[in-house]
Protein chains: 2
Amino acid sequence: MRYHKIPDETVRRLPVYLRGAMHLSQQGLESISSRHLADLLGVKPWQIRKDFSYFGDFGTPGVGYHLESLIKQINKILRLDAGQKAVLVGVGNLGSALLAFPGFGMYGFEIAAAFDVDKRKIGRRRGGVVIGDIAKLRNLRRRGICLGIIAVPEDTTQEVADTLVDAGIKGILNFSPRYITVPKRVKVITIDIAMDLARLPYYMPLS
Amino acid sequence: MRYHKIPDETVRRLPVYLRGAMHLSQQGLESISSRHLADLLGVKPWQIRKDFSYFGDFGTPGVGYHLESLIKQINKILRLDAGQKAVLVGVGNLGSALLAFPGFGMYGFEIAAAFDVDKRKIGRRRGGVVIGDIAKLRNLRRRGICLGIIAVPEDTTQEVADTLVDAGIKGILNFSPRYITVPKRVKVITIDIAMDLARLPYYMPLS
DNA sequence: TGGTGATTGCGCTCACATTCACAGACAACA
DNA sequence: TGTTGTCTGTGAATGTGAGCGCAATCACCA
């Protein structure tokens with residue numbers, strides 16, 4: 001299957017596997033079988049094997065997957081080995097939480113810049129970066145920043161997205177519930193917290 | 001198709017449609033066609049029509065969907081019409097942002113209680129609720145709280161989940177990256193912010 | 001009341017993803 | 001070195017959702 005197109009769902013699961021692998025590696029383990037990794041992550045073993053099989057031979061029959069090389073491989077596939085830099089736009093409640101969020105580091109991410117419209121926030125230091133004026137958001141390309149995180153109110157989302165695209169951003173993580181239009185070359189992933197909560201009651205037993 | 005099982009993907013999209021419908025309704029519109037709604041939300045028209053067709057006749061040929069009744073119907077399907085109450089566990093950076101988050105209200109959600117382990121936070125008021133001691137998290141059932149939101153550090157997630165289940169919670173929105181084990185009757189939706197960001201570089205053009 | 005234009009509802013088909021089962025590969029050990 | 005048990009890799013089967021086209025339906029208007 002080495003020459004197939006990788007299913008989107010597989011790509012979506014790769015970070016899950018990566019996290020599990022790093023977790024086990026930190027505990028001093030050398031290798032892990034698909035069955036044990038599956039138990040840890042709450043997925044099925046054959047799902048893991050199938051997913052990995054798209055990229056070639058990761059594992060050793062009779063033993064399992066060597067954690068160190070597995071981590072290295074997934075990092076390479078997801079292009080996390082380069083140490084991606086991100087820019088945050090909107091330092092409100094959510095934005096501040098994201099700046100303080102420790103989880104980005106484990107994937108090699110760094111929030112290298114933050115911007116806001118609020119004059120009172122501009123110039124202040126928050127989570128290691130100085131908040132800049134959103135009007136001066138430019139030349140991110142020169143600083144090697146390719147990712148944008150949008151955490152602004154709903155009505156300015158599109159405007160911010162346009163600015164980010166102009167500044168050379170190639171991928172956007174959008175926390176605003178509004179659909180944004182960008183050139184096809186730019187990938188957008190939207191996280192809508194309220195919407196995820198909204199489908200929870202549907203699945204809950206009636207009483 | 002009225003007697004079919006509803007696809008999960010359709011349920012996932014219903015909140016999107018609901019938000020779009022509410023947005024348009026607030027602008028004074030009466031009806032919307034699938035084509036226009038699709039343009040607004042960035043989906044395909046036939047996707048909307050198919051999704052709605054699972055639930056019976058929502059629309060009127062030649063006109064479109066009547067917004068007011070559409071909103072009422074989706075709210076009923078997702079059981080949002082009852083006004084769901086949620087409990088937040090973990091009032092750190094993310095938890096605080098969630099308490100201040102205005103987006104829950106539009107779906108009829110209310111964060112009716114918040115808990116933390118930190119003695120310094122307990123007793124304080126944050127976003128309209130008094131932060132309680134997590135050790136005393138009980139009898140949520142009596143207060144009509146069915147939803148739990150977990151925003152605690154990774155290593156205490158399972159413990160908190162168990163506590164919530166014991167307290168009668170029927171659905172959990174989990175912001176921790178760890179897989180949690182719960183009885184089958186409890187529905188868990190996990191939002192892993194770092195993981196969503198982690199698959200972004202894969203899709204970005206190489207240069 | 002009958003014609004017209006717009007839009008829905010839905011069966012059909014295709015593409016993609018999950019699940020399964022098993023051949024082949026490897027480690028361990030006698 | 002032969003044997004045994006374990007685990008991977010993957011083709012084939014099954015399940016699920018997206019895409020599409022069109023008949024049926026309705027508002028509108030002369």
Side-chain angles (χ1 to χ4, degrees), chain A residues 1-17 20-21 24 29-71 73-74 77 179 199 202-203, chain B residues 1-17 20-21 24 29-71 73-74 77 179 199 202-203:
Chain A
M1 298 290 257
R2 203 177 296 219
Y3 303 103
H4 265 56
K5 182 192 164 291
I6 313 301
D8 278 352
E9 291 301 304
T10 295
V11 176
R12 202 179 50 74
R13 280 187 294 265
L14 284 181
V16 182
Y17 302 148
L24 292 165
L29 276 168
E30 289 270 316
S31 294
I32 186 83
S33 71
S34 60
R35 192 162 55 83
H36 287 126
L37 184 58
D39 286 346
L40 178 73
L41 300 173
V43 297
K44 296 281 177 285
W46 51 79
Q47 183 82 79
I48 293 180
R49 292 204 298 275
K50 175 73 111 184
D51 283 339
F52 287 170
S53 79
Y54 288 115
F55 303 99
D57 301 1
F58 279 17
T60 313
V63 180
Y65 298 91
H66 188 249
L67 285 170
E68 199 182 331
S69 65
L70 182 63
I71 292 167
Q73 293 257 32
I74 299 181
I77 293 165
Y179 171 70
R199 71 198 160 97
Y202 176 87
Y203 291 102
Chain B
M1 297 292 256
R2 203 176 297 215
Y3 303 103
H4 266 56
K5 181 193 165 291
I6 313 299
D8 278 350
E9 292 299 305
T10 295
V11 177
R12 202 179 50 75
R13 282 188 293 266
L14 284 181
V16 182
Y17 302 148
L24 292 165
L29 276 167
E30 288 271 314
S31 293
I32 186 83
S33 70
S34 60
R35 192 161 55 83
H36 288 125
L37 185 58
D39 286 345
L40 178 74
L41 299 174
V43 297
K44 295 281 177 285
W46 49 77
Q47 184 80 78
I48 294 181
R49 291 205 299 275
K50 179 159 278 288
D51 283 339
F52 287 170
S53 78
Y54 288 115
F55 302 100
D57 301 1
F58 278 18
T60 314
V63 180
Y65 298 91
H66 188 250
L67 285 168
E68 200 182 330
S69 66
L70 182 64
I71 292 168
Q73 293 258 31
I74 299 181
I77 292 165
Y179 172 70
R199 72 198 158 99
Y202 177 87
Y203 291 102

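Proteins come first, then strands; the chains are lettered A, B, ... in the order of their sequence lines, and each starts at number 1.
Among residues two or more places apart in sequence or in another chain, the salt bridge (charged side-chain N to carboxylate O under 4.0 Å, His left out) test is passed with Glu68(A) by none. The salt bridge (charged side-chain N to carboxylate O under 4.0 Å, His left out) check on Arg49(B) picks up nothing, with sequence neighbours excluded. The salt bridge (charged side-chain N to carboxylate O under 4.0 Å, His left out) check on Arg12(A) picks up Glu9(A), with sequence neighbours excluded. Residues that satisfy the ring pair (Phe, Tyr, Trp, His ring centres under 6.0 Å) test with Phe52(A), not counting sequence neighbours, are Tyr17(A), Phe58(A), Tyr65(A). When the side chain to side chain donor-acceptor pair (under 3.5 Å) test is applied to Tyr203(B), the partners found at least two apart in sequence or on another chain are Asp8(A).
Between Tyr54(B) atom OH and dG11(C) atom P the separation is 11 Å, expressed in whole Å. Atom NZ of Lys5(B) is separated from atom C1' of dG17(D) by 11 Å (rounded to the nearest Å). Following rounding to the nearest Å, Lys44(B) (NZ) and dC10(C) (P) show an atom-to-atom distance of 23 Å. To the nearest angstrom, C1' of dT18(C) lies 14 Å from CD of Glu9(B). When rounded to the nearest whole Å, the span between CG of Asp51(A) and P of dT19(C) equals 11 Å. Rounded to whole Å, the distance from NZ on Lys50(A) to P on dG15(D) is 16 Å. The distance from atom CD1 of Ile48(B) to atom P of dT8(C) is 9 Å, rounded to the nearest whole Å. Residue Gln47(A) contributes atom CD, which lies 15 Å from atom P of dG9(D) at whole-angstrom precision.
Proximity of Tyr65(A) to the phosphate of dG9(D): a side-chain N or O atom is located under 4.0 Å from OP1 or OP2. Distances shorter than 4.0 Å separate none of the side-chain N or O atoms of Ser34(A) from OP1 or OP2 on dC7(D).
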Check: What is the per-nucleotide protein-contact pattern of nucleotides 21-30 of chain D, from the 5' end, where B denotes a base atom under 4.0 Å from a protein heavy atom, S denotes such proximity for sugar-phosphate atoms only, and - denotes neither?
Finding: B---BBS---
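Using a 4.0 Å heavy-atom criterion, one finds that Arg13(A) contacts the sugar-phosphate atoms exclusively. Using a 4.0 Å heavy-atom cutoff across all strands shown, Phe58(A) reaches sugar-phosphate atoms only and no base atom.
Here the closest non-hydrogen pair linking Ala38(A) and Lys44(A) is CB-C, 3.8 Å.
Closest-nucleotide positions on DNA chain C for Ser33(B) and Asp8(A) were compared, and the one nearer the 5' end corresponds to Ser33(B).
Taking the side chain as every heavy atom from C-beta outward, Val43(A) and Val16(A) never approach each other to under 4.5 Å.
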